[in-house]
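Quick notes on the structure that follows.
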Number of protein chains: 2
Amino acid sequence: MQESIVTQNTAGQSMLNDDVALLDRIRDLVLGGDYTPGTALSEVKLAEYFEVSRTPVREALKQLQIEGLVEIRPKVGTFVREITRREILEMFEVKETLEGMAARLMARRGHIPELDALRANVEASELAVQRDDSAAYASLVHDFHETIVAGSDNRKLAEHYRTLMNQLAYHRLVLRSVQHPGRLAASTAEHRRVLELIAQKDGVGAELAMKDHVWSSAREVMMDSVPRQD
Amino acid sequence: MQESIVTQNTAGQSMLNDDVALLDRIRDLVLGGDYTPGTALSEVKLAEYFEVSRTPVREALKQLQIEGLVEIRPKVGTFVREITRREILEMFEVKETLEGMAARLMARRGHIPELDALRANVEASELAVQRDDSAAYASLVHDFHETIVAGSDNRKLAEHYRTLMNQLAYHRLVLRSVQHPGRLAASTAEHRRVLELIAQKDGVGAELAMKDHVWSSAREVMMDSVPRQD
DNA sequence: CGATGCTCTCTTGCATGGTAGAAACTCTAT
DNA sequence: ATAGAGTTTCTACCATGCAAGAGAGCATCG
């Protein structure tokens with residue numbers, strides 16, 4: 001079972017990036033979605049595919065277990081974990097809180113470079129909505145949230161946020177839900193609202209607006225991207 | 001340099017707990033405070049002390065690096081990281097947000113076993129204050145916060161919280177600041193306030209009260225336990 | 001005396017062999 | 001046919017050997 005480790009499309013680009021951390025490459029493999037939950041991830045197979053020994057593969061898998069993406073059953077094997085609907089809901093709750101916090105912290109900082117970046121981002125998003133360019137939009141959404149987290153100027157918050165997003169495989173979820181025509185415009189309006197509240201240094205308002213926004217998009221994503229699996 | 005790996009007191013109890021994860025044992029060593037920041041943690045020395053090979057030690061150190069407790073400089077060595085005052089402040093900001101979230105989530109759950117545990121905890125704390133028993137109090141403070149996080153019924157939140165507390169070495173910090181006579185009574189009053197708001201299912205109120213409380217204790221801890229080091 | 005280059009020793013990084021345990025498979029007996 | 005015990009084969013796990021880089025110390029040269 002499970003003859004080839006990876007699909008052809010990723011094999012094409014795996015020629016020159018050898019300094020990229022093995023951990024990230026294996027994580028992308030797991031998040032890539034080619035594996036259904038329960039699939040075995042053999043140390044040996046992965047080592048052969050990535051042309052390294054079992055030791056670094058093992059270290060990476062151990063980390064992925066801590067991140068919650070795989071499950072290592074001692075002396076049995078390593079398997080792609082099933083992420084339950086409940087877990088995704090919990091992650092969105094944490095996401096809502098962390099991003100709300102980030103908006104609040106950024107608002108109290110006054111005029112900083114990230115604010116200009118945010119304004120540029122929202123304006124680009126509005127253009128993307130007009131052109132109905134959902135690919136560009138998905139990328140801009142990602143940047144919007146990253147910019148606010150960076151603008152919070154709290155590195156620990158940023159670390160927790162990054163960990164969370166890795167577990168959520170958020171980008172993949174968004175790509176599917178962003179297709180909804182109505183949601184695109186609504187989401188952008190919410191972005192602008194958050195931006196304006198931050199610009200007005202209204203920390204509490206920005207936090208609430210951000211939480212509302214996260215929750216709206218969570219609802220949207222949970223609707224059609226996350227199957228009822230338990 | 002650094003002749004003995006561990007102090008005598010821990011050596012006494014290290015006889016029967018062999019199934020305890022090596023990661024936790026090394027983390028306790030680092031958090032134990034016997035090492036000043038910058039101290040080298042040799043894989044070989046640790047392996048000899050714990051009577052295992054370098055491989056599991058290496059895996060544990062890699063995880064501690066991700067947790068932010070040590071710094072691995074490739075081909076040079078592994079060193080106890082210096083945690084800056086700024087970092088501690090950032091961690092308290094995240095702590096404030098996460099615990100506020102936990103209180104809010106717990107409040108909306110209604111009558112659950114954790115609520116009774118919380119009430120018992122606060123009453124025990126009030127007794128401990130009367131008896132001026134700061135050792136018992138420190139333990140109860142820990143349980144109070146753990147109970148609220150558990151009561152939030154959000155496992156992802158609990159995971160992030162645990163990670164954060166590991167980095168903060170919070171217990172050590174509290175043990176020092178709890179000596180302040182005035183703070184003990186004030187802190188307990190804040191605990192009761194949070195409890196009552198949760199019992200009344202006032203999620204927003206509980207969140208705000210919790211955040212206030214975390215911030216007050218953070219101020220206290222930062223005052224005398226955290227030296228200005230940068 | 002100072003600066004520069006070399007060597008030697010220390011570290012982590014990686015590869016690999018052997019071990020123990022879990023699960024699946026087969027063969028046997030009922 | 002089915003249940004059970006033995007065996008085989010897979011897995012993660014750990015120990016260890018080797019390699020490569022970083023840095024300290026020393027010698028040598030200006």
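For the numbers below, each heavy atom of this structure counts, side chains included, while hydrogens, waters and symmetry mates do not. Labels below follow one simple rule: chain letters A, B, ... track the order of the sequence lines, proteins then strands, and each chain is numbered from 1.
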For B/R109, look at atom CZ and say whether over 12 heavy atoms of other residues, nucleotides or ligands are found less than 6.0 Å away.
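More than 12 within 6.0 Å, yes.
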Once you round it to whole Å, what is the distance between [atom2] of [N] and [atom1] of [X]?
X	N	atom1	atom2	result
B/L22	D/dA15	CG	C1'	14 Å
A/K75	D/dA12	NZ	P	11 Å
B/E51	D/dA15	CD	C1'	14 Å
B/I72	C/dC14	CD1	P	11 Å
B/F50	D/dA15	CZ	P	14 Å
B/L61	C/dT12	CG	C1'	10 Å
B/K62	C/dG13	NZ	C1'	9 Å
B/E43	C/dG13	CD	P	7 Å

Please tell me if [X] has a side-chain N or O lying less than 4.0 Å from either OP1 or OP2 of [N].
X	N	answer
A/R58	D/dC13	yes
A/R54	D/dT11	no
B/S53	D/dA15	yes
A/T78	D/dT11	no

For A/L41, answer base if it contacts any base atom (sugar-phosphate contacts may also be present), sugar-phosphate if it contacts only those atoms, and nothing otherwise; contact means non-hydrogen atoms under 4.0 Å.
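Since only primed, P, OP1 and OP2 atoms lie under 4.0 Å of A/L41, the category is sugar-phosphate.
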Counting any heavy atom closer than 4.0 Å, what does B/V52 reach on the DNA or RNA strands: base, sugar-phosphate only, or nothing?
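Answer is sugar-phosphate: B/V52 comes under 4.0 Å of backbone atoms only.
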Does the C/dG21 base have a donor-acceptor partner in the side chain of A/R73 within less than 3.5 Å?
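No such pair is found, so the answer is no.
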Assign each of B/V76 and A/T55 the nucleotide of DNA chain C bearing its closest heavy atom; nearer the 5' end lies the nucleotide of B/V76
Check whether any side-chain N or O of B/R104 sits under 3.5 Å from a backbone N or O of B/E207 as a donor-acceptor pair, and report yes or no.
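Absent.
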Do side-chain atoms of B/S139 reach the backbone of B/A135 as a donor and acceptor pair under 3.5 angstrom?
no
Do A/E99 and A/Y161 meet the criterion of a side-chain donor-acceptor pair at a distance under 3.5 Å?
yes
Is there a salt bridge (charged side-chain N to carboxylate O under 4.0 Å, His left out) between B/K156 and A/E93? Walk through the geometry before answering.
CA-CA 9 Å; B/K156 276 282 170 270; A/E93 275 182 343; over 6 Å; no
